[in-house]
Amino acid sequence: VFKVLNVAEKNDAAKRISDILSGHQYQVRNGLSRFNKIYEFNYYMLGQNCSISFTSLSGHLLNYDFTGIYRKWYSCHPLSLFDVAVEKNVTENMVDIKRTLEREVRNSQALVIWTDCDREGENIGFEIINICRNIKSNIPVYRARFSEITDRSIKSACNNLQQPDQRVSDAVDVRQELDLRIGAAFTRFQTLRLQKVFPNTLADKLISYGSCQFPTLGFVVERYKAREQFQPEDFWKIEVVHTITQNEADGPITSTFSWKRNRLFNELACQVLYANCETPVVATVTNVSSRPRSRWRPLAMDTVELEKLASRKLRINAKETMKIAESLYTQGYISYPRTETNSFPKDFNLERLVQEQTSHPDWGGFASRLLGLNGGPQPRNGHKSDQAHPPIHPTKAAPHLTGNNARIYELITRHFLACCHRDAKGQETSVEIEVGGESFSVQGLMIIERNYLEVYHYDRWNGKIIAVYEIGDQFEPTDVRMTSGRTTAPLLTEADLISLMDKHGIGTDATHAEHIETIKQRMYVGLTNDQRFLPGELGMGLVEGYDLMGYAMSRPELRAELEADLRRICDGTANKNDVLQRHISTYRSVFQEAIQKADKLDEALSAYFGDATRVEGSNLLNPSGASPPVRPCPRCGKDMILKKKRDGGFMLSCTGYPNCRNALFLPSSVLDITVDSSVCPNCQPSPVHQVNVKLNPRSIPAYFSSDQIICIGGCDDDVTNVLVLGSRGARPGTAAPRGGTREKRKMPTPAHPHPHSNENTPMCNCSEMAVVLTVRREGPNTGRQFYKCSKQSGGCDFFLWADDRQSPRQPATPPTSFSNHSTENTNPKKPCVIIFRPQQNAGSGDRMCKCNIQAVQRTVQKDGPNKGRVFYTCDKPRAEQCGFFEWEDAVPGSLVFGRHNTTPSYRLAQPSQYNTQQPNQPRPAGRSRKAPTCGLCREVGHTRRSCPNR
DNA sequence: GCAAGGTC
């Protein structure tokens with residue numbers, strides 16, 4: 001029998017669809033995830049009788065994240081987050097679901113995707129497909145398209161199975177990657193900086209940035225500021241009251257005439273006019289007119305309208321509303337609740353849906369009368385359509401709902417019935433009078449047909465009864481009074497905020513509510529007593545800070561541009577990678593400038609949090625001073641990044657440290673170096689980024705520009721030569737002989753211990769024998785021996801403790817008194833240690849925290865991958881803790897940038913000699929030189945200048 | 001400890 005695996009986006013949907021297809025005759029089996037069952041039945045699809053397994057996910061299975069160390073906040077400069085690799089991982093609590101899929105697909109012959117028919121659903125569909133194809137690469141895949149879980153829709157989808165749409169899924173990938181990179185970069189930047197700048201108030205705050213939460217915050221701030229700038233004004237007005245009993249049956253009727261001038265902002269002027277009207281005075285009716293009025297029935301309901309109505313009419317907030325709507329949908333009571341469509345298709349079977357409601361005790365009668373209307377249900381349609389889902393409507397009667405579920409269902413149903421009925425009709429009478437030279441008027445309303453209002457009790461259209469007047473009538477007003485008031489500008493309500501988000505495309509129907517929740521949680525905004533949004537100090541400061549920099553970070557336009565590009569990817573008019581790269585590039589530039597102008601952020605926030613603590617440049621971001629990757633490591637494949645050494649020099653270092661110790665030390669002639677976005681066409685493995693260098697002109701030959709973009713991947717002989725020349729102290733004007741008699745120059749040769757040398761003396765970075773010296777200065781290292789460059793002047797900055805060399809391939813164990821080393825500098829030339837992470841006595845239990853007291857051992861209690869893992873932390877009370885943290889099982893010294901970093905320098909690979917050697921294997925000793933590798937054709941034995949393929 | 005998007 002032909003077995004078909006069907007997968008829905010969530011268990012409720014799988015169950016509901018199985019129920020429909022099986023005619024309630026399905027078997028249930030447990031999957032590996034307790035939330036996602038497997039429903040089994042037989043069904044005719046794909047032209048034959050099939051044995052169906054129907055299981056589900058719980059939304060996305062996969063989530064983008066950075067790789068390896070880049071997940072750690074201090075691993076790199078946040079700028080790198082625009083460039084380092086990202087990967088999709090199975091979300092931790094989705095592993096069971098993935099394994100269920102893998103198990104089930106093994107004995108299936110076809111796969112049908114039943115995820116929601118929107119952008120995210122398409123992407124989730126591909127997550128399923130990729131997992132299944134990994135197990136069974138050639139399994140046929142189909143896509144069921146449906147917009148509501150009803151018999152008709154589901155069976156129709158089953159009879160018209162289609163193909164999944166890669167482009168739609170691509171668009172989601174782009175969004176996900178951008179959201180992660182931008183969000184993480186700015187969040188780390190803001191958080192790390194502001195925690196240091198305002199340690200008293202923000203030290204423990206997470207100050208997040210997100211492409212949706214920030215514009216949402218922006219709306220709140222913008223309205224608040226508009227209100228602040230708003231000048232409330234006092235105004236005055238006059239009204240005329242007339243109470244009369246025209247017939248005993250109606251009793252006395254009071255009509256309040258309002259002033260034609262509406263209001264005046266000058267009290268004196270108003271008083272002057274009022275003086276003429278004060279009783280006793282006679283009013284003369286100058287005009288009476290009557291005209292038909294109608295009140296429009298509501299438009300077909302989309303998600304935003306549902307959220308707004310629920311917030312306004314039912315006082316259920318948007319988040320709660322969507323949760324309920326989702327559940328009503330999966331129970332089959334309403335259509336898909338995430339829709340941008342407010343127009344019913346022409347051939348939509350409204351009668352059937354109205355018919356479903358005719359038995360309801362409250363609105364059944366109305367539904368019946370609606371069916372009996374001449375022309376039947378005629379929905380009031382808007383002009384929006386997402387081409388995927390119809391407007392929200394009830395799909396069947398729901399007699400047993402309770403609480404807010406019932407209230408939301410009722411809102412949707414009454415709205416639907418109202419929308420399909422007719423506008424309310426009335427007759428309005430307008431009476432104008434003149435009193436003391438001033439004109440006044442009053443409107444009365446007689447409702448003739450209530451129509452939709454009968455069912456839609458959320459709308460009020462009260463008839464207003466006024467007395468009967470005729471032109472020329474004269475009467476003495478019961479009262480003429482002068483009243484005063486004050487103009488106001490209101491703050492945003494939740495409904496207002498949702499409207500703005502919707503209008504500007506911030507978030508999706510499903511997430512409006514969550515973004516609002518986030519900015520509340522982050523203390524960016526708060527609510528007033530009457531539930532209106534008020535920005536907090538943090539929210540104000542952040543928005544103002546970026547405004548000061550000149551970036552519209554809190555404006556919705558940036559997100560809107562992305563949305564437009566995503567639509568282009570979906571319809572095939574834009575390429576996934578082009579869009580991705582363009583947006584990354586834009587945001588990278590913005591981010592770079594934001595860092596440069598970070599003082600503006602401090603400035604704006606100091607208006608709320610007091611004086612800013614001065615912090616130097618970008619140091620605060622990242623104590624390790626790392627930068628975006630230059631190239632993949634030829635040894636281990638991880639990224640190699642530029643790092644600044646404490647002495648000001650630069651190195652190219654593998655992020656796989658300490659497992660991979662590949663590195664390249666650059667000579668001191670390199671004054672500055674940054675990664676360029678351009679990629680070398682020759683060097684492998686690609687991408688090897690070119691770098692922007694500033695060289696000391698006094699240290700390089702005259703023919704070589706001191707400021708240029710070069711490749712340090714080893715393909716360029718000039719670069720290879722000059723960087724060595726530089727470190728050897730070439731003088732201006734001493735042009736290097738080209739390809740001539742002189743021995744070919746090498747890149748700076750790292751110091752190798754010389755196993756065959758008698759003294760076993762290490763080589764310095766100039767490839768010279770280092771000299772051994774002894775610490776003379778008083779201190780903990782007095783008498784200790786160290787190696788340094790032998791040259792008196794112009795030498796390199798090589799430094800190595802002699803006693804660190806004894807087992808050079810093991811990470812050195814720091815002395816127990818190590819915590820002093822950051823302050824006790826025994827080397828006149830360079831500090832002993834760069835403290836990045838607190839030092840500890842690796843391997844022993846008595847680790848010291850940053851406060852220099854013994855750290856305590858604790859065990860992770862929280863559920864998660866680290867549960868049960870032992871770590872060390874500061875022993876002080878939580879509020880006073882120094883932040884020290886160390887896994888008990890961490891590789892000793894793995895994140896410590898100290899003097900150990902100088903010791904393994906003998907392992908450095910030369911760029912022209914990157915090889916496939918495994919890390920930690922002995923390398924051939926000494927200074928023997930390999931044959932050159934051509935930068936163009938990669939053949940060994942010649943350079944690109946002499947390349948035969950050139 | 002970051003996002004937004006699914007979902008429980």
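Since the model is a prediction, treat every value here as computed from it, not as a measurement. Chain letters run A, B, ... following the sequence lines, proteins first and then strands; every chain starts at 1.
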Gap between atoms CG and C1', on L206(A) and dA3(B) respectively (whole Å): 11 Å
dC2(B), dG6(B), dT7(B): which one has an atom nearest the side-chain heavy atoms of M94(A)? dG6(B)
What does R175(A) touch in the nucleic acid at a heavy-atom separation under 4.0 angstrom: a base, only the sugar-phosphate, or nothing? base
Rounded interatomic separation in angstrom, taking CG from L57(A) and P from dT7(B): 11 Å
Would you kindly give the CZ-to-P distance between R559(A) and dA4(B), to the nearest whole Å? 7 Å
Does G507(A) reach a base, just sugar-phosphate, or nothing at all? Heavy atoms under 4.0 Å. sugar-phosphate
Does Y209(A) lie flat on the base of dA3(B), that is, centres under 5.5 Å apart and planes under 30° off? no
Mind checking if E122(A) touches a base, just sugar-phosphate, or nothing, with heavy atoms under 4.0 Å? nothing
Going by modelled atom types, is there a donor-acceptor pair between the base of dC2(B) and the side chain of D179(A) at under 3.5 Å? no
Identify whether any heavy atom of T508(A) sits under 4.0 Å from a base atom; if not, whether one sits that close to sugar-phosphate; answer base, sugar-phosphate or nothing. sugar-phosphate
Using whole Å, report how far CZ of F214(A) lies from C1' of dC2(B). 14 Å
Is the base of dA3(B) touched by the side chain of N63(A) through a donor-acceptor pair closer than 3.5 angstrom? yes
Where at least one partner belongs to residues 121-130 of chain A, residue pairs that pass salt bridge (charged side-chain N to carboxylate O under 4.0 Å, His left out), sequence neighbours excluded: E122(A)-R143(A), E122(A)-R145(A)
Just checking D204(A): base, sugar-phosphate only, or nothing, at a heavy-atom cut-off of under 4.0 Å? nothing
For R99(A), check salt bridge (charged side-chain N to carboxylate O under 4.0 Å, His left out) against everything at least two apart and list the hits. D96(A)
Less than 4.0 Å between a side-chain N and a carboxylate O, is that true for R555(A) and D547(A)? no
Send over the distance from I519(A) CD1 to dA4(B) P, rounded to a whole Å. 11 Å
With the side chain defined as heavy atoms from C-beta on, C212(A) is closest, among dC2(B), dG1(B), dG5(B), to dG5(B)
Can you check the I97(A) CD1 to dC8(B) C1' distance for me, whole Å? 9 Å
Contact class for R34(A) (heavy atom, under 4.0 Å): base, sugar-phosphate, or nothing? nothing
E120(A) side-chain proximity, nearest of dG1(B), dG6(B), dA3(B): dG6(B)
Which part of the nucleic acid does Q176(A) contact within heavy-atom distance under 4.0 Å: base, sugar-phosphate only, or nothing? base
Distance-only donor-acceptor test (3.5 Å): side chain S58(A), base dC8(B): yes
Rounded to the nearest Å, what distance is computed from the CG atom of residue L62(A) to the C1' atom of nucleotide dA3(B)? 16 Å
Taking only side-chain N and O atoms of T511(A), does any of them lie within less than 4.0 angstrom of OP1 or OP2 on dG5(B)? yes
Using 4.0 Å as the upper bound for N to carboxylate O, is an ion pair formed by R29(A) and E104(A)? yes
If you compare every side-chain N and O of R338(A) against the phosphate oxygens of dT7(B) (OP1, OP2), does one of them come in below 4.0 Å? yes
Send over the distance from Q331(A) CD to dC8(B) C1', rounded to a whole Å. 14 Å
Do Y546(A) and Y551(A) have their ring centres less than 6.0 Å from each other? no
Side chain of Y74(A) only, please: which of dG1(B), dG5(B), dT7(B) is the nearest? dG1(B)
DNA chain B: T518(A) or I124(A), which has the more 5' nearest nucleotide? T518(A)
Specify the residue among L81(A) and H515(A) whose closest nucleotide of DNA chain B lies further upstream toward the 5′ end. L81(A)
Whether K520(A) and E494(A) form a salt bridge (side-chain N of Lys/Arg under 4.0 Å from carboxylate O of Asp/Glu) is what I want to check. no
E514(A) near the nucleic acid: base, sugar-phosphate alone, or nothing, with a heavy-atom cut-off under 4.0 Å? base
S208(A) side chain N/O closer than 4.0 Å to the phosphate oxygens (OP1, OP2) of dA3(B)? yes
Rounded distance (nearest 0.5 Å) linking atom CG of N123(A) with atom CG of D165(A): 11.5 Å
